Undergrad: 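What follows is a structure written as structure tokens; I'll ask about it next.
Heavy-atom basis, side chains included; hydrogens, waters and symmetry copies ignored. Just so you know, these numbers come straight off a predicted model, no measurement behind them.
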Amino acid sequence: MAIGGKSRVAKRSSSVSYASTVTTVVFVTLCVLGVWMLTSNSVSSPQTTTTTRTVTDTNSDIAFSGSNEEQPSKINEDQKDKAVFEDNPGQLPDEAVKPDDDKVSESDDLDKVKEGAAVEETRHGLQGKESAEEQEKQKMSETQISEESVLTQNQQSKQNGLKEVEDNKQMSNEEPIKVHQEETINNQDPSEDQDQIRVVEKKQINEKPKERRAKKKKKHAESIERPLETTMIGKSKKDDVAEMEDEPRVNKPKIQDQLEEDEPKGTKQPNQDQLEEDESKGTKQLNQDQLEQDEPKGNKLQNHDQQESQVQGIDNATFNDETKDKPEILNTTQTDTFQSLLKTKTNQETTEKDTHIEAQQQHESTSEETLGSTIPKESTESKNAWKSQKAQSENEKERRRDESSGKEGLYGYTWHLCNVTAGPDYIPCLDNEKALKKLRSTRHFEHRERHCPEEGPTCLVPLPKGYKRPISWPKSRDKIWYNNVPHTKLAEFKGHQNWVKVSGDFLTFPGGGTQFIHGALHYIDFLQQSVPNLKWGKRTRVILDVGCGVASFGGYLFDRDVLTMSFAPKDEHEAQVQFALERGIPAISAVMGSQRLPFPCRVFDVVHCARCRVPWHAENGMLLLELNRVLRPGGYFIWSATPVYQKLPEDVEIWNAMSSLTKAMCWDLVTIKRDKLNSVSAAIYRKPITNECYDKRPDNNPPMCEENDDANAVWHVPLRACMHRVPINPAERGTRWPAHWPNRLQKAPHWLNRTQMGIYGKPAPQDFVKDYEHWTRVVSKLYMSGLGISWSNVRNVMDMRAVYGGFAAALKDIKVWVMNVVNLDSPDTLPIIYERGLFGMYHDWCESFSTYPRSYDLLHADHLFSKLEKRCKLQPVLAEVDRIVRPGGKLIVRDESDAIGEVENLLKSLHWEVHLTFSKDQEGILSAQKGDWRPTAYQASI
């Protein structure tokens with residue numbers, strides 16, 4: 001830079017000293033030339049002439065440059081291009097390469113180049129040879145530049161406006177440099193001029209071949225100047241350095257030196273800022289065409305970081321219409337199939353993302369099968385062919401409901417903790433203190449029955465302190481976390497009977513009970529030996545356990561392939577049903593009081609009572625007659641209690657009363673057997689299969705029920721001390737025992753009338769088969785693998801709106817049990833569910849369910865909410881769902897798209913993790929998971 005700077009100072013001078021110096025040099029040169037021509041035939045004359053003309057032309061060029069300001073951005077870019085594409089020594093002064101906008105005629109330049117080349121060949125033959133090799137390299141480089149220019153020329157027009165702005169900015173940065181140069185000229189020492197001119201002459205003679213190459217390169221540099229910048233858009237400075245490092249190493253130091261020497265210090269920072277500005281502007285203008293054009297060359301230079309940066313640039317860019325159609329950016333099929341399939345939170349964790357990936361891997365045909373034309377559609381005409389529990393229950397309790405759709409302000413709803421005495425064990429319909437205070441009598445255990453609030457609660461039940469995720473089945477049958485059900489009273493009163501014990505952080509269950517201290521399995525085998533026709537798991541599949549305690553009897557009957565509906569009241573035996581559910585054993589909170597049990601008539605294969613503390617003989621045997629209603633003709637009643645084997649006066653009195661009652665009911669006392677190990681005895685009765693005994697009774701006591709008394713009507717229907725006749729028509733339900741398990745699961749009940757229209761519009765038996773096939777396909781293809789559910793952690797399942805029980809039937813081979821709920825206003829298909837070896841109950845989801853909080857691992861709701869919102873608000877219903885699902889539990893909803901959206905909003909307000917939503921043809925599916933979130937504020941006291 002020092003030599004170049006002084007040279008430019010000499011060229012710009014117009015003083016007298018400069019003129020005299022030049023004159024002297026020319027005169028001496030001419031003298032030498034004359035002498036030399038007389039003495040030899042050398043080429044000194046062209047050399048001298050060229051030297052003189054070079055100096056003169058250079059001065060003229062400098063004068064032209066001084067009057068026309070050069071754009072520094074263009075100079076810098078040319079210098080960079082030369083550094084990249086030429087084999088440049090890297091130590092040349094700036095004037096050795098002419099600017100692109102030089103105004104000297106092309107013919108004069110060519111003459112000068114030729115003369116300089118001739119002199120160079122004469123004096124430096126080797127250097128000329130090297131220059132020829134450089135020219136060959138230059139030609140190859142030019143070919144490469146031309147190819148790149150073709151690929152990027154369509155972008156040049158878009159960059160013109162940006163170039164003009166950059167040039168103006170660079171021109172403004174040149175002004176301080178020019179002022180500094182003029183000051184330097186004024187302070188220059190004239191004595192140094194002669195030496196500087198000689199140095200300049202020598203340098204310029206050597207650089208004539210370079211000028212020729214620079215001239216040839218001019219056209220190509222202009223064509224690729226801006227497109228090259230475009231290809232660099234979107235890359236960081238780190239990427240630029242990495243790309244330069246990929247160039248041949250021999251050029252790397254030369255490029256760096258050339259950039260440092262050629263670039264004025266005053267323009268380094270502006271050019272850096274300009275580069276950053278170009279990058280930010282270019283990112284916005286990046287489109288798919290550029291990406292496709294740059295890809296072949298970019299593969300050679302891009303490293304892993306650059307590829308990631310390019311992907312991020314695609315994600316953040318604003319795509320035009322052409323870009324959106326590119327398959328590399330968006331896959332149209334995937335967008336249509338999966339964009340609606342996975343509506344997840346942007347901050348979802350990795351474990352939840354696995355759920356989304358698994359859902360995306362489901363083939364589109366699977367989604368069509370689950371939501372498309374294969375979905376059985378309920379027929380409106382079938383409603384006339386089926387009775388509902390609502391129609392059958394004559395004395396249904398009246399309710400006041402707000403008919404509002406409840407769609408306003410759902411998402412973001414503010415929730416509070418329930419401010420109730422029951423705390424974490426709150427069951428709204430059993431802990432309604434306000435209603436209990438109004439009861440006139442508790443003689444028939446009315447205070448243990450359901451008394452639901454007129455409007456469902458919208459508060460949330462708190463978690464017990466130290467709550468942990470439940471232990472998985474089958475280990476949970478033997479022990480549970482103490483903090484999950486922190487009650488010890490039952491262990492204090494029943495620990496000696498092996499009901500439950502406290503053991504450190506756990507509550508353990510030895511498997512005993514009041515009548516089977518030494519274990520339930522021994523007791524179960526004892527009953528089988530007493531009545532071989534029981535045939536656990538074949539003839540006997542579904543049983544009812546009254547006064548179940550902690551349900552160890554039903555828990556161990558799973559080993560015999562028997563399904564047990566256990567129930568007990570919420571009474572002084574603290575949390576006995578809650579213990580059962582936490583262990584993974586089916587149970588509900590209910591009492592034999594003043595109303596019928598929520599089950600159809602003639603559905604249980606066996607009814608069991610082991611020290612259940614029910615006064616069967618009281619009130620004209622009204623409670624035992626209720627068991628007669630739900631017991632299947634030919635079914636067994638097992639009574640294991642002290643009146644059977646003890647001789648205390650009270651026991652003898654009860655036994656005598658029971659004997660008279662069971663005889664009047666035409667029950668056959670099959671056997672009384674004694675269990676020597678447990679020192680207990682059991683009396684086993686059998687219900688008649690005909691009406692012959694009823695007709696031969698001398699007294700009509702208990703009386704037969706009136707013919708218009710519907711044995712299936714149970715919803716808020718008072719108990720009646722009467723018996724229903726056994727059906728005798730072969731086409732009626734109850735005249736034949738179901739097929740042995742598991743054949744009864746898949747076989748349509750014999751009493752399904754072919755002339756009756758099924759729920760989905762086909763004849764009822766065909767409807768049954770279609771429903772089973774449908775749910776088998778859905779469960780196997782979607783639920784098992786497509787929703788991200790770990791079924792090994794699922795035990796307690798509820799189908800909130802069962803039809804034929806197809807969903808539960810499809811889960812037969814999994815170690816789960818399913819509570820099938822038939823809604824109050826739905827066709828009464830619950831007897832079909834029992835007939836196929838499953839169980840369930842009636843319920844109205846406008847009220848709370850009779851279970852403890854945190855009871856179920858998975859709830860399944862098929863077209864429930866769209867029908868339910870016509871009768872009640874969904875906010876209390878979702879609060880109830882949140883109450884009965886365990887933390888970490890799942891909810892699967894299949895419904896109309898509008899209902900799916902409303903449920904999704906409510907779940908999000910409850911801080912549930914919505915894993916999957918999919919919609920097609922106004923039908924949708926949703927999968928969500930409950931977390932541990934609880935509000936901190938309590939609901940205001942009422």
Side-chain angles (χ1 to χ4, degrees), residues 471-480 490-491 494-501 503 506-568 576-577 579-587 604-612 635-642 644-645 670-684 740-742 795-796 814-817 837 839:
I471 298 173
S472 300
W473 180 269
K475 293 181 180 180
S476 61
R477 183 171 62 180
D478 299 328
K479 65 178 181 179
I480 63 174
L490 202 59
K494 296 291 185 178
H496 66 285
Q497 296 176 352
N498 287 333
W499 278 38
V500 57
K501 297 178 181 292
S503 179
F506 301 97
L507 292 170
T508 60
F509 301 86
T514 304
Q515 295 300 104
F516 40 91
I517 298 176
H518 296 288
L521 279 178
H522 168 79
Y523 177 73
I524 291 169
D525 292 339
F526 157 72
L527 296 177
Q528 174 66 66
Q529 295 170 2
S530 301
V531 182
N533 197 39
L534 280 174
K535 298 179 181 178
W536 296 123
K538 295 181 179 180
R539 183 182 186 274
T540 301
R541 164 62 181 174
V542 184
I543 75 172
L544 179 68
D545 188 16
V546 182
C548 63
V550 295
S552 290
F553 179 67
Y556 283 91
L557 274 172
F558 278 113
D559 294 350
R560 302 292 184 264
D561 224 358
V562 175
L563 200 57
T564 307
M565 174 70 75
S566 302
F567 77 92
Q576 52 188 335
V577 170
F579 284 137
L581 291 166
E582 185 71 16
R583 297 173 67 188
I585 301 171
F604 289 105
D605 303 332
V606 169
V607 176
H608 174 260
C609 166
R611 202 78 174 267
C612 56
Y636 295 97
F637 172 64
I638 301 174
W639 186 35
S640 177
T642 55
V644 177
Y645 55 88
V670 177
T671 186
I672 299 176
K673 289 290 185 178
R674 182 171 180 81
D675 179 6
K676 296 181 180 179
L677 179 63
N678 291 309
S679 300
V680 298
S681 296
I684 302 175
H740 283 188
W741 177 263
R795 174 62 181 171
N796 304 355
I814 304 176
K815 299 299 182 181
V816 302
W817 58 268
F839 67 3

Undergrad: So, for Trp499 and Pro510, which heavy atoms are closest and what is the spacing to 0.1 Å?
TA: O-CD, 4.0 Å
Undergrad: Quick one, Phe526 with Phe516, criterion side chain to side chain contact (heavy atoms under 4.5 Å, CB included). Give me CA distance, side-chain angles, the key distance, then yes/no.
TA: CA-CA 10 Å; Phe526 157 72; Phe516 40 91; over 6 Å; no
Undergrad: Measure from the side-chain N and O atoms of Asn796 to the backbone N and O of Pro586, and report whether any donor-acceptor pair falls under 3.5 Å.
TA: no
Undergrad: Could you pull out all residues at least two apart from Arg477 that satisfy salt bridge (Lys or Arg N to Asp or Glu O under 4.0 Å)?
TA: Asp559
Undergrad: Could you check whether Arg795 makes a cation-pi contact with Phe558, meaning its NZ or CZ is under 6.0 Å from the centre of the six-membered ring and within 45° of the ring axis?
TA: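 So Arg795 does make the cation-pi contact.
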Undergrad: Take Leu521 and Arg560 through the side chain to side chain contact (heavy atoms under 4.5 Å, CB included) test and state the conclusion after the steps.
TA: CA-CA 9 Å; Leu521 279 178; Arg560 302 292 184 264; 3.9 Å; yes
Undergrad: Run the salt bridge (Lys or Arg N to Asp or Glu O under 4.0 Å) test against Asp545 and tell me which residues pass, sequence neighbours left out.
TA: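 Once residues adjacent in sequence are excluded, Asp545 has no partner under the salt bridge (Lys or Arg N to Asp or Glu O under 4.0 Å) criterion.
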Undergrad: Run through Phe637, Phe604, Phe839 and flag the one making a side chain to side chain contact (heavy atoms under 4.5 Å, CB included) with Leu544.
TA: Phe604
Undergrad: Just to verify, what does Asp561 make a side-chain contact (heavy atoms from CB on, under 4.5 Å) with, not counting sequence neighbours?
TA: Arg541, Trp741
Undergrad: If you count every heavy atom of other residues, nucleotides or ligands that lies below 6.0 Å from Lys479 atom NZ, does the total exceed 12?
TA: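 Count not over threshold, so no.
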Undergrad: Quick one: SG on Cys612 to CZ on Phe567, what's the gap to the nearest 0.5 Å?
TA: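 If we round to the nearest 0.5 Å, Cys612:SG and Phe567:CZ are 8.0 Å apart.
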Undergrad: Taking the side chain as every heavy atom from C-beta outward, state whether Pro474 and Lys815 have any atom pair closer than 4.5 Å.
TA: no
Undergrad: State whether the side chain of Thr540 and the backbone N or O of Leu534 hold a donor-acceptor pair below 3.5 Å, judged by distance alone.
TA: yes
Undergrad: By side-chain contact (heavy atoms from CB on, under 4.5 Å), which residues pair with Ser476, not counting sequence neighbours?
TA: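 Ile471, Trp473.
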Undergrad: Working note: Phe506 + Ile480, criterion side chain to side chain contact (heavy atoms under 4.5 Å, CB included); need CA distance, chi angles, decisive distance, verdict.
TA: CA-CA 6 Å; Phe506 301 97; Ile480 63 174; over 6 Å; no
Undergrad: Taking the side chain as every heavy atom from C-beta outward, state whether Asp675 and Gln515 have any pair of such atoms under 4.5 Å apart.
TA: no
Undergrad: Will you find, in the side chains of Arg583 and Ser552, an N or O donor that is under 3.5 Å from an N or O acceptor?
TA: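 Yes, side-chain donor-acceptor contact under 3.5 Å.
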Undergrad: Which pair of heavy atoms, one from Val550 and one from Ile585, lies closest together, and at what distance?
TA: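 Taking every non-hydrogen atom into account, O-CD1, 4.3 Å.
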Undergrad: Between Ile638 and Val607, does a side chain to side chain contact (heavy atoms under 4.5 Å, CB included) hold up when you go through it step by step?
TA: CA-CA 6 Å; Ile638 301 174; Val607 176; over 6 Å; no
Undergrad: Any side-chain to backbone donor/acceptor pair from Asn678 onto Val680? Under 3.5 Å, distance only.
TA: no
Undergrad: Between His608 and Phe553 (judged by ring centroids, cut-off 6.0 Å), do the two rings come close enough to count as a pair?
TA: yes
Undergrad: Check for a donor-acceptor pair, side chain of Gln576 on one end and backbone N or O of Ala580 on the other, with a separation under 3.5 Å.
TA: no
Undergrad: Can you see which heavy atom on Leu490 is nearest to which on Val500, and at what distance?
TA: C-CG1, 4.0 Å
Undergrad: Can you name the nearest heavy-atom pair linking Ala568 to Val577, along with the distance?
TA: O-CG2, 3.6 Å
Undergrad: Does a donor on one side chain sit under 3.5 Å from an acceptor on the other, for Asn533 and Tyr636?
TA: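 Yes.
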Undergrad: With His518, which residues qualify under side chain to side chain donor-acceptor pair (under 3.5 Å), at least two apart?
TA: none
Undergrad: If you round to the nearest 0.5 Å, how far is CG of Leu563 from CG of Leu557?
TA: 9.5 Å
Undergrad: Among residues at least two apart in sequence or on other chains, which ones pass side chain to side chain donor-acceptor pair (under 3.5 Å) with Ser530?
TA: none
Undergrad: Nearest 0.5 Å please: distance from the OH atom of Tyr523 over to the CD1 atom of Ile517.
TA: 12.5 Å
